[in-house]
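The structure under discussion appears below in the form of structure tokens.
Just so we're on the same page: letters track the sequence lines, and every chain starts at 1. Just so you know, these numbers come straight off a predicted model, no measurement behind them.
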Amino acid sequence: MSSEEIRATRLQKVEQLKQLGFNPYAYRWESSHHAADLHTKYADLASGEEVDIDVTIAGRIMARRVFGKLAFFTLQDDTGVIQIYLDKHKIQRSMSNKDPEAFEHLKQLTDVGDFLGIRGNIKRTEKGELSVYAGEYTILTKSLLPLPDKWHGLTDVEKRYRQRYVDLIVNPEVRETFRRRALITAAIRRYLEQQGFIEIDTPVLQSESGGAEARPFVTYHNTLEMSLYLRIATELPLKRLIVGGFEKVFELGRVFRNEGTSTRHNPEFTTVEVYQAYADYHDMMALTEAVITTAAQQVLGTLQITYQETPIDLTPPWRRATMHELVQEKTGLDFTQFQTLGQAIDAATSAGLTGLEKCDTIGKVLNEAFEQTVETTLVQPTFVLDYPVEISPLAKPHRSKPGLVERFELFIVGRETANSFSELTDPVDQRERLEAQAARKAAGDLEAQGVDEDFLAALEYGMPPTGGLGIGIDRLVMLLTDCASIRDAIAFPLLKPEKVEVVEEV
RNA sequence: GGGACGCUAGCUCAGUGGUAGAGCAUUCGGCUUUUAACCGACUGGUCCUGGGUUCGAAUCCCAGGCGUCCCA
């Protein structure tokens, strides 16, 4: 029978229920227990034993095993599953005033997928399955569409993402991932608040995008007749709050980058950015360790985790190594020795690196060498320190190493998971760097941003020394829930519609 | 942007040029201890889309769509 025919059959059942005086789309139900409560409470109940207690419970029918005068349903709620034991005599006795043919109607009018409310008592069956021994049942919501195969479930990844609700119904581990994601963000907020940080929401719609190098989404405000960008980072508004006198601020929220998708990229993703006055990037390393280990403990109860079968030890302190040291380790090249760009490119090329034509400074060659040879090898948590100034326009110059800034990125399983600086507070230096970026934007670099004059004005009023930190929440969730793709860590990842509608390009 | 692979019933999958299949689900009948219940019978298709080759295409060719993975 085709799904259209199944749907038609179930719509007929909806009509039948209405004719019998039952509402197939009920308003409310009060449960005394969830499935997991009962499994905990009656763990020691012996097979065949019955408990004379009034219990109400609700959930979705996930399986039906129906006999002539007896039926077993598997009911699923937010906490798990529980068997419902329905026996004709008991149902008829309890429900005769409501519906003399209650048991026949149960067999005829309920389907896998329906929501049911049950009133009954507790019984562990002869075969050892803890059950609610039903006296009464109520159809709370009639389902019209058939669920995926009860044994194989839903495995088609495209359908799982497009119809996440079906994925969640039939794949308990997917529900667990998003439950853990919620624990992670809650743990991070709780930890930061305990440390005296306050969360302040900053605008998603901005007339100037900045705080990162990325192509922004553009939208349009009709009544103001102006283009607006969706934020690519929360950095610049949060720093304005530090200028304003808050000493510890953060925002955990969505940012948007108009880029392609991959197992590590979704165009909208979640970051937490944290700014602390009077702190530097060393303080931020300690804070990063604290935030991530707190989240790991909260969710997994351990710092010894496994990601895609690789053991990861999150026990702090994590390795700290400079970008120069790591590149030298992998390539043998000492970038502090190069005087000219030509020297650096020649040496890197003979070390086997490729695609260096696009590099116009020694620092960019170094960064390229890092990305090509080091990045994916940083499996255990590693802070990579001291980046070239030309790829770090918002970071303060290193206090002792010319040409470098006080910046780190945290790598775990080869992925950038956090990024932090001693924030640049010199407004003149900051203006030069933003203007250099703006020149690249004018020259056609789509990821370069314009000069945010108001941000510069804020810096001119004076920003205290400040440590800033950004953590990629989606990648952290991937790590702590063992997801191979960012799409498994985001409830509704961006997909193209199956039938593409042509939208006028802005 | 490039490459590889995939798309067949509601779900999971067979089917490599000759009548479009299986299991589960659905529908009907039977059944008072099942838990992938069981037994019997039936039903269910835009083979991703369009074009081409061929007597004949799910299958071969071309173009496109969507997805997954890898690379940039």
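Residues from residues 31-62 of chain A placing a heavy atom under 4.0 Å of any atom in RNA chain B do not occur.
Nearest nucleotide to the side chain of A:D111, out of B:U26, B:C66, B:G10: B:U26. The side chain of A:V157 lies closest to B:U68 when the candidates are B:C70, B:U68, B:C11. The side chain of A:M1 sits closest to B:U26 out of B:U32, B:U12, B:U26. Nearest nucleotide to the A:L154 side chain, out of B:U12, B:G44, B:A37: B:U12. Taking the side chain of A:T125 as heavy atoms from C-beta on, and the options B:G10, B:U33, B:C11, the nearest nucleotide is B:U33.
Between the CD1 atom of A:I486 and the P atom of B:G67 there is a distance of 16 Å, given to the nearest Å. At whole-Å resolution of the value, CD in A:Q108 and C1' in B:G30 are 15 Å apart. One can place CD of A:E4 at 10 Å from P of B:G10, the figure rounded to the nearest angstrom. Counting to the nearest Å, the P atom of B:G10 and the CD1 atom of A:I6 are 8 Å from each other. If you measure from atom CZ of A:R162 to atom P of B:U68, you get 8 Å, rounded to the nearest angstrom. In this structure, the NE2 atom of A:H265 is 13 Å from the P atom of B:A72, given to the nearest Å. Spacing between atom CG of A:D156 and atom P of B:U68 amounts to 10 Å, rounded to whole angstrom units. One can place NZ of A:K69 at 5 Å from P of B:U32, the figure rounded to the nearest angstrom.
Within 4.0 Å (heavy atoms only), A:V66 reaches at least one base atom of the nucleic acid. Using a 4.0 Å heavy-atom distance criterion, A:K13 is classed as a sugar-phosphate-only contact. Residue A:G260 is out of contact with every strand shown, counting any heavy-atom pair closer than 4.0 Å. Counting non-hydrogen atoms under 4.0 angstrom, A:E126 reaches a base of the nucleic acid. Across all strands, A:Y161 comes closer than 4.0 Å only to sugar-phosphate atoms, never to a base (heavy-atom distances). Using a 4.0 Å heavy-atom distance criterion, A:S262 is classed as making no nucleic acid contact. Residue-level contact check: A:R487 touches the backbone only, with heavy atoms under 4.0 Å from sugar-phosphate atoms and none from bases. Within the 4.0 angstrom heavy-atom criterion, only backbone atoms of the sugar-phosphate kind lie near A:L495; the bases stay farther away.
Nucleotide B:A22 has B:U12 as its partner under the Watson-Crick or G-U criteria, with both atom distances under 3.5 Å. In this structure, B:U54 makes no Watson-Crick or G-U wobble pair, since no nucleotide meets both defining distances under 3.5 angstrom. Across all strands shown, B:U59 forms no Watson-Crick or G-U wobble pair with both key distances under 3.5 Å. Across all strands shown, B:A4 is found opposite B:U68 as a Watson-Crick or G-U wobble partner, with both distances under 3.5 Å. Pair assignment for B:C38: B:G30, on the basis of Watson-Crick or G-U wobble contacts that are both within less than 3.5 Å.
With RNA chain B read from its 5' end, the first of the two nearest nucleotides for A:S2 and A:R264 is the one closest to A:S2. Between A:K159 and A:G128, the residue anchored closer to the 5' end of RNA chain B is A:K159, taking for each the nucleotide with the nearest heavy atom.
Between the base of B:U35 and the side chain of A:E129 there is a donor-acceptor pair shorter than 3.5 Å. A donor N or O paired with an acceptor N or O is found under 3.5 Å between the base of B:G23 and the side-chain atoms of A:D149.
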Q. What's the verdict on salt bridge (Lys or Arg N to Asp or Glu O under 4.0 Å) for A:R264 and A:D474, showing C-alpha distance, side-chain angles and the deciding distance?
A. CA-CA 9 Å; A:R264 295 171 297 279; A:D474 310 275; over 6 Å; no

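To the nearest whole angstrom, the two C1' atoms, one in B:A25 and one in B:A57, are 31 Å apart. Comparing B:C28 with B:C66, their C1' atoms are spaced 39 Å from each other, to the whole Å. For the C1' atom pair drawn from B:C61 and B:G17, the interatomic distance equals 13 Å after rounding to whole Å. Only the P atoms considered, B:G30 is 39 Å distant from B:G15, to the nearest whole Å. B:U43 and B:G64: their C1' atoms are spaced 35 Å apart (whole Å). Taking the P atoms as reference points, B:A9 lies 15 Å from B:G44, given to the whole Å. Nucleotides B:U46 and B:A4, compared at atom P, are 31 Å apart to the nearest Å. Between B:A58 and B:C13, the distance separating the two C1' atoms is 14 Å to the nearest Å.
At the phosphate of B:U12, OP1 or OP2 sits under 4.0 Å from a side-chain N or O atom of A:T155. When the side-chain nitrogen and oxygen atoms of A:K88 are compared with OP1 and OP2 of B:U32, none of them lie within a distance under 4.0 Å. Between A:K150 and B:A37, a side-chain N or O to OP1/OP2 separation shorter than 4.0 Å is present.
Atom CZ of A:F256 sits in a crowded spot, with more than 12 heavy atoms from other residues, nucleotides or ligands closer than 6.0 Å. Within a 6.0 Å radius of CG in A:D54, more than 12 heavy atoms belonging to other residues, nucleotides or ligands are found. Counting non-hydrogen atoms of other residues, nucleotides and ligands closer than 6.0 Å to CG of A:D44 gives a total of 12 or fewer. Within a 6.0 Å radius of NZ in A:K69, other residues, nucleotides and ligands contribute 12 heavy atoms or fewer. For A:R64, the CZ atom is densely surrounded, since the number of other residues' heavy atoms within 6.0 Å is greater than 12.
Applying the side-chain hydrogen bond (donor to acceptor under 3.5 Å, both in side chains) test to every pair with at least one member in residues 340-350 of chain A, sequence neighbours left out, gives no pairs at all.
When all heavy atoms are compared, the tightest approach of A:L356 to A:A348 is CD1-CB, 3.5 Å.
Under the 30°/60° scheme for interplanar angles, the aromatic rings of A:Y85 and A:Y133 are found to lie parallel.
At least one cation-pi condition fails for A:R164 and A:F492: the charged atom is not both under 6.0 angstrom from the six-membered ring centre and inside a 45 degree cone around its axis.
Checking A:Q108, A:K18, A:K142 one by one against A:K13, the side chain to side chain contact (heavy atoms under 4.5 Å, CB included) holds for a single residue, A:K142.
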